[in-house]
Amino acid sequence: MTRHTGRHFLQIPGPTNVPDRVLRAIDMPTIDHRGPEFAELGLHVLEGCKSIFRTKNPVVIYPSSGTGAWEAAIVNALSPGDKVLMAETGHFASQWRALAERFKLEVDMLAGDWRRGASPEQIEAKLSEDRSHRIKAVMVVHNETSTGATSRVADIRKAIDRAKHPALFMVDTISSLGSIAYEHDAWGVDVTVAGSQKGLMLPPGLGFNAVSDKALAAAKANTSNRSYWDWHEIIAANKGGSWPYTPATNMLYGLKEAIAMLHEEGLDNVFARHVRHAAAARAAVRGWNLEILCLEPREHSPILTAVVMPDGHDADHFRQVTLEHLDMSLGAGLSKLKGKIFRIGHLGHFNDLMLIGTLAGVEMGLHLASVPHRAGGVAAAMDVLKGNEASAAPVQRAASA
Ligand SMILES: *Cc1c(COP(=O)(O)O)cnc(C)c1O
């Protein structure tokens with residue numbers, strides 16, 4: 001093993017770099033989770049989460065990974081045999097589908113090529129055909145972290161409305177929450193699924209469900225088995241700032257700090273920062289004369305860029321060279337994209353020089369691994385950051401979008 005100095009560059013699209021402020025906030029004595037001091041912390045973070053999900057409704061916080069929050073959405077609001085509509089945007093949509101099938105849901109999966117977001121038109125057509133309203137939920141991944149394509153959630157909501165379909169709308173924001181503009185209430189989402197370790201700048205360990213009144217009513221009427229994930233039990237305990245079981249106390253200290261940091265910067269500024277960094281990252285990829293995986297410009301992810309490896313070159317070998325020589329971790333291609341792409345994470349606790357350092361690492365890595373490319377990607381990215389080039393793909397904004 002090579003000996004490395006200085007900081008490791010963790011440029012995978014989650015887990016992301018945890019700010020020192022959050023690490024220090026977590027580094028506290030664990031307190032009695034049934035005592036008054038904890039209740040104050042609990043109430044504070046539960047309220048704070050609403051401001052990030054942009055909802056007036058409850059946000060349920062689990063000691064779990066994002067996958068747990070996926071399962072929670074399903075076991076609360078759906079029953080075995082229910083039909084759901086999903087869109088094959090990539091690895092994570094496929095994983096959510098596999099989980100849904102283990103709970104005996106009948107999944108109608110809109111086929112996709114893993115190079116774009118979910119199609120509002122296809123969803124509208126499927127729902128319009130479903131006159132008997134057998135489809136109980138539309139489930140989409142907001143930011144498909146395996147491909148770097150961001151689905152247009154507000155447009156999908158409009159598609160569901162145009163079809164006049166009563167299905168629940170469930171959205172996975174595990175990588176996007178806190179880094180891409182998102183509106184749980186204004187976009188009429190019924191269950192928003194999230195996790196702590198990506199846009200929210202925390203270590204792995206918390207899962208979230210933001211739930212609409214309609215989702216709560218569906219859960220109340222749902223007689224299928226659930227216990228640990230049950231929304232109603234947790235929401236009832238949360239009213240007094242506690243949980244029915246031991247919560248992840250120290251992670252909640254970190255969550256409190258991360259929410260404070262997002263508001264200090266201003267959510268709109270956070271989102272604009274990610275859009276700008278993504279534009280610079282794409283300029284670098286074009287500068288290297290390499291291909292961006294996502295084919296739809298208005299769906300380019302603000303938080304990661306997936307790069308297609310030239311034919312005959314293995315992305316995992318390139319990532320290994322970059323890790324060994326430069327101490328930088330880049331995201332791997334997942335499932336069918338293994339070895340074919342690498343992913344540059346540019347989200348969370350991040351700034352211009354971290355981006356340029358990351359891109360310089362990629363450019364050096366391409367050279368060290370003898371991957372055919374043009375030099376000058378970093379210079380193209382710097383031009384964007386200096387403001388010499390019109391930047392930024394449009395990203396869906398707040399309610400008016
Ligand atoms: C990371 C991720 C998941 C899985 O979350 P875990 O915390 O690893 O369980 C699911 N969906 C998306 C979009 C993700 O980025």
Side-chain angles (χ1 to χ4, degrees), residues 11-16 66-67 70 86-99 107 109-123 139-153 155-156 171-177 179-182 193-195 197-199 274-275 277-279 281-286 288 290-311 313-316 318-319 329-348 358 362 392-396:
Q11 298 314 138
I12 60 176
T16 64
T67 302
W70 263 350
M86 299 181 82
E88 187 197 355
T89 47
H91 171 79
F92 288 107
S94 303
Q95 292 290 104
W96 201 8
R97 173 207 186 140
L99 198 157
V107 181
M109 187 82 150
L110 292 166
D113 62 2
W114 295 35
R115 301 196 73 166
R116 66 197 82 236
S119 157
E121 294 75 24
Q122 285 179 11
I123 289 172
M139 300 162 70
V140 297
V141 174
H142 181 212
N143 185 77
E144 180 50 82
T145 323
S146 65
T147 67
T150 305
S151 286
R152 292 166 284 138
V153 172
D155 289 349
I156 296 170
V171 181
D172 167 350
T173 65
I174 292 172
S175 57
S176 53
L177 194 84
S179 54
I180 303 178
Y182 186 78
V193 176
Q197 75 274 24
K198 300 179 187 182
H274 284 87
V275 167
H277 283 160
R282 289 193 301 276
V285 178
R286 293 188 190 107
W288 295 319
L290 295 178
E291 191 184 350
I292 296 163
L293 181 67
C294 176
L295 292 174
E296 179 63 60
R298 63 185 163 166
E299 294 172 343
H300 280 317
S301 172
I303 67 173
L304 79 135
T305 301
V307 183
V308 180
M309 214 55 182
D311 272 344
H313 293 268
D314 178 11
D316 289 342
F318 157 72
R319 288 190 318 107
S329 296
L330 294 165
L334 298 174
S335 45
K336 77 174 191 185
L337 293 172
K338 182 174 166 47
K340 296 190 164 66
I341 65 156
F342 65 91
R343 296 172 298 145
I344 307 168
H346 34 77
L347 73 159
T358 300
V362 173
V395 171
Q396 282 204 321

Mind checking whether [X] and [Y] have side chains closer than 4.5 Å, heavy atoms only?
X    : Y    : answer
S179 : K198 : no
I174 : F92  : no
V307 : V362 : no
T67  : L99  : yes
I180 : H274 : no
V107 : M139 : no
V140 : T89  : no
S151 : I156 : yes

Exercise: identify the closest heavy-atom pair between [X] and [Y]:
X    : Y    : result
R343 : A306 : CG-CB, 3.9 Å
S175 : T145 : OG-OG1, 2.7 Å
V153 : H142 : CG2-CD2, 3.4 Å
S301 : T150 : CA-OG1, 3.2 Å
G148 : C294 : O-CB, 3.6 Å
I292 : V308 : C-CG2, 4.3 Å

Just verifying a value: how many Å separate [X] [atom1] and [Y] [atom2], rounded to the nearest 0.5 Å?
X    : Y    : atom1 : atom2 : value
Q11  : L347 : CD    : CG    : 8.5 Å
M109 : R97  : CE    : CZ    : 5.5 Å
M86  : D172 : CE    : CG    : 8.5 Å
N143 : I303 : CG    : CD1   : 3.5 Å
R319 : I12  : CZ    : CD1   : 9.0 Å
T16  : L304 : OG1   : CG    : 12.0 Å

* Asked: Is the count of non-hydrogen atoms from other residues, nucleotides or ligands lying under 6.0 Å from D113 atom CG greater than 12?
  ->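 Yes, CG of D113 has more than 12 neighbouring heavy atoms, counting only those of other groups under 6.0 Å.
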
* **E144 side chain vs A93 backbone, donor-acceptor pair below 3.5 Å** =>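 It does hold such a pair.
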
* To do: Using modelled atom types only, decide if a donor and an acceptor are shared between the side chain of Q197 and the backbone of P15 within a distance under 3.5 Å.
  =>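 Between the backbone of P15 and the side chain of Q197 there is no qualifying donor-acceptor contact (under 3.5 Å).
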
Atom pairs and distances, side-chain donor-acceptor, residues 329-341, under 3.5 Å, sequence neighbours left out:
residue: S329; atom: OG; partner: H8; partner atom: NE2; Å: 2.9
residue: S335; atom: OG; partner: H91; partner atom: ND1; Å: 3.0
residue: K338; atom: NZ; partner: D316; partner atom: OD2; Å: 2.8

